[in-house]
Structure formats: C-alpha cells, structure tokens
Amino acid sequence: MSTSSAHMTTSEFNNENLAPLFSSEKIQARIGEMGAEIARDYKDKNPLLIVVLKGACIFASDLLRAIDLKLGIEFMAISSYGASTRTSGEVRIVKDLDVPIEGRDILVVEDIVDTGLTLSYLMENLRSRGASSVKLAALLDKHERRQREVAIDYLGFGIPDEFVVGYGLDFAERYRNLPYIAILKNPEVQ
Ligand code: IMP
C-alpha cells in the first residue's frame, strides 16, 4: 500500500524537513584545510582559541584537532537581549573568559556569521582587553544578511540566505547533533 505515511520517516538525521547542504565528509575535508592554514599562520605562536557557545562547540572540537600547534582553548557564551537584538545589535556576555588575554593571540571560533551584530561586538570587546591579535574562524558565512562588517580570517563555506541546522547549529535547541549541515525547509514543522 502506498500512502504518503508509508514513506514518512521517524529518523531525526534523515527527516523530510531537512535538505542536506554539506556532508560530514565535506565538512571534515574543509576543516582539515582550515587547520593547516591556521597552523602555518600561527607557527611559533601559542594561540588561544575562544569558542563561542553553544553552536561552535562541534566545529571547534574538530578544528582544534586539525591544528598541529601548542594552543589553548577557552569558552564564552553570548546572549541577545530578547527579540529586538537582531536589529539593535545589543548583546550580553553570559559566560565570560576565566583568564586574562593581554598579549595573547586570540582566534575566535564561531559557527556562523549572519547579521554580524554578535561578532562585531565580541571582536571589539576582546580587542579592548589588550590582546596582541584577534582573528576569527567561522564555519559558515551568510553574507547576504550582513548588517555590520566582520572580517572572517578563516572561513569554511559561504551559504545562501537560508536557515541552516546541524553540526552544532540549532533550531530551538534541536538538530545540534545532526552529523551534517542541512537547510531547514520549514521551521514551522515540528
Ligand atoms: P549574527 O549576530 O546575526 O551574526 O548571529 C549569529 C548567531 O545567530 C549565530 O551564532 C547563530 O547562533 C545564529 N544563527 C544565525 N543564522 C543561523 C542559522 O541559519 N541557523 C542557526 N543559527 C543561526
């Protein structure tokens, strides 16, 4: 019997609301290249990677292992002030660094740069703390949506103006565990 329900899947990783964009193999290959480039640029330095929670944690865990250097990692969590943040650019540090960064070479690790409001705030904030250098590694760049310019020093992939999930990126906390990156076709569908 071929009803539409017979084709429905209950798989979280392979459901009909997800349109695959980057496979896990493609992500790993690109991260390998990024890691090699970072290792070359920071040769003889001891960079401190600052991972922006929560979205960047999966990307960061793979990127770290692709950088053949002595390095450190720290975590920060940033939050927006309610729904108006998207346009106001007001952001708040929810979890700050546990260490001073004066004189350190900082590499911020972020999942996606969208409007750029969060990152422009964060990069400026870190620079004001006296770091020697502050650079950015981002897995995805949704450049069409940019409101504030942010220089991405190491970029995984540019993407179109679509809402994406997986590999750390969520929709209402769902899909972070997806091993690949997909376009969420209809966010209304649960
Ligand atoms: P920005 O300040 O607009 O650049 O926002 C960046 C943050 O918005 C990212 O760290 C993500 O948490 C979130 N975000 C933006 N676009 C997407 C998306 O397509 N999927 C999931 N999260 C997104």
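Since this is a predicted model, take the numbers as computed values, not measurements. In listed order, ligands and their atoms are each counted from 1. When a residue number appears, it is its place in the shown sequence, counting from 1. Just so you know, these numbers use all the heavy atoms, side chains as well, and skip hydrogens, waters and symmetry mates.
Residue-environment remark: NZ (Lys54) stays at or below the threshold of 12 foreign heavy atoms within 6.0 Å.
At a heavy-atom distance under 4.0 Å, no atom of Arg145 approaches ligand 1.
Within the structure, the closest approach of Gly116 to ligand 1 falls below 4.0 Å when heavy atoms are considered. For Leu169, the closest heavy-atom approach to ligand 1 falls below 4.0 Å. At a 4.0 Å cut-off, not a single heavy atom of Leu184 sits close enough to ligand 1 to count as contact. Using a 4.0 Å cutoff on heavy atoms, Ile112 counts as a contact of ligand 1.
A donor-acceptor contact under 3.5 angstrom links the side chains of Tyr175 and Asn15, judged on distance only. In the model, Tyr167 has no side-chain atom that pairs as donor or acceptor with a side-chain atom of Asp111 under 3.5 Å. A donor atom on one side chain and an acceptor atom on the other are not found under 3.5 Å apart for Ser132 and Asp105.
Where the criterion is an N or O separation shorter than 3.5 Å, residue side chain and backbone included, Phe163 fails it with respect to ligand 1. Inclusion of Val164 in the set of residues having an N or O under 3.5 Å from an N or O of ligand 1 is warranted.
The contact set between ligand 1 and Glu110, taken as ligand atoms under 4.0 Å from a residue heavy atom, comprises 10 (O). Set against the non-hydrogen atoms of Glu162, the atoms of ligand 1 under 4.0 Å away are 19 (O). Heavy-atom proximity to Asp170, at under 4.0 Å, picks out these atoms of ligand 1: 21 (C). The distance from ligand 1 to the heavy atoms of Thr118 drops below 4.0 Å at these ligand atoms: 1 (P), 2 (O), 5 (O).
The option from Asp111, Leu117, Ile78 that lies nearest to atom 10 (O) of ligand 1, judged by heavy atoms, is Asp111.
Residues Leu140 and Leu155 form no side-chain contact, since every pair of their non-hydrogen atoms from C-beta on lies 4.5 Å or further apart. For the pair Leu139/Leu169, no side-chain contact is recorded, criterion being any heavy-atom separation below 4.5 Å from C-beta on. Annotation: side chain of Leu97 is in contact with side chain of Leu126 (closest heavy-atom distance under 4.5 Å).
Put simply, Leu18 and Phe163 are part of the same group of oily side chains (I, L, V, M, F, W, Y) that touch within less than 4.5 Å, one to the next.
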